[in-house]
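As structure tokens, the structure follows; a few thoughts come after it.
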Number of protein chains: 2
Amino acid sequence: MNESFKALSDPTRRQILRLLREKDRTAGEIAEYFDMSKPSISHHLNALKQAKLVIDERQGQHIMYSLNSTVVQEVMGWFLELLGTDEDDNRDKGRDNP
Amino acid sequence: MNESFKALSDPTRRQILRLLREKDRTAGEIAEYFDMSKPSISHHLNALKQAKLVIDERQGQHIMYSLNSTVVQEVMGWFLELLGTDEDDNRDKGRDNP
DNA sequence: GATATAATTAGATGATTAACTAAATGACTA
DNA sequence: TAGTCATTTAGTTAATCATCTAATTATATC
């Protein structure tokens, strides 16, 4: 979970996620959208992959990246909790402060 | 928005948000929950404040911190967009899977 | 005013990170 | 198998970041 948030903290990586939301793309296609070297994009893709926010699959010469909606949903679950939109509301019943 | 994600990328800061979700707390109260110097906590609180994720208000000698749900919701909006749970769905007519 | 408490700001340091170039790997095609 | 395209890995560098201690600001009380 920490890795997910770390991955999301970079604007380039968030832009990559938005690109992948439209459709699956290869590393090369993704790199075209940025004014940055391909190795740098590869590094960002790896960060997203470590965080399980994207899935990669080799297709012959290319490597296809796609969004992993499951994990995105998990991260969103954290936010929902933060807003009290969850079962979470009965957790501070017996709670007293230190 | 970038600042919000940066702020969320640190586990200490996310923990602080969870503490504030329960109730408003002073900087000192928050610091008690962590094995970390008060200046460090102050630094984290400032990051959250810059990101507008929390609001601070002086109450006499203390400074009270509280969660800014509005901005948390904005960030969540970003996620919803990413999952296509939004009005966003008429933007990519030619998509192939549901 | 003097002093105590709450919290922040300043300045320093070690760790992490994002970016680059150059080199390596993997896979297709002649 | 040589050549080429796609992508990643290695190694480096500069910037950012989390943390600390020490000093400062702000408020309350005596």
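Values in this document were obtained by computation on a predicted structure and should not be read as measured data. Naming convention: chains lettered A, B, ... in sequence-line order (proteins, then strands); numbering from 1 in each chain.
Within the nucleic acid shown, A:Y65 comes within 4.0 Å of sugar-phosphate atoms alone, with no base atom in reach, counting heavy atoms only.
You can see that DNA chain D meets the heavy atoms of chain A within a 4.0 Å-exclusive cut from D:dC5 to D:dT9, reading 5' to 3'.
Judged as a side-chain hydrogen bond (donor to acceptor under 3.5 Å, both in side chains), and not counting sequence neighbours, A:E32 has no contacts. Checked against side-chain hydrogen bond (donor to acceptor under 3.5 Å, both in side chains), B:Q15 has the following partners two or more places apart in sequence or in another chain: B:R18. Considering only residues two or more places apart in sequence or on other chains, B:D24 meets the side-chain hydrogen bond (donor to acceptor under 3.5 Å, both in side chains) condition with none of them. Taking A:N2 as the reference, B:R14 meet the side-chain hydrogen bond (donor to acceptor under 3.5 Å, both in side chains) condition, with sequence neighbours excluded.
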Return all side-chain donor-acceptor pairs below 3.5 angstrom for residues 54-71 of chain A, not counting sequence neighbours, or 'none' if the list is empty.
unit_1	atom_1	unit_2	atom_2	d
A:D56	OD2	A:K49	NZ	3.0
A:R58	NH1	A:G60	O	3.1
A:N68	OD1	A:T70	N	3.4
A:N68	ND2	A:K52	O	2.9

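By the 30° and 60° cut-offs, the orientation of the rings of A:F79 relative to B:F79 is tilted.
Annotation: ring pair (Phe, Tyr, Trp, His ring centres under 6.0 Å) contacts involving residues 16-45 of chain A, sequence neighbours excluded, are absent. For residues 59-73 of chain A, no pair satisfies salt bridge (charged side-chain N to carboxylate O under 4.0 Å, His left out), with sequence neighbours left out.
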- Message: Protein within reach of the bases, or only the backbone? For nucleotides 18-30 of chain C, mark each nucleotide 5' to 3' as B, S or -, using heavy atoms under 4.0 Å.
- Response: BSBBB----SS--
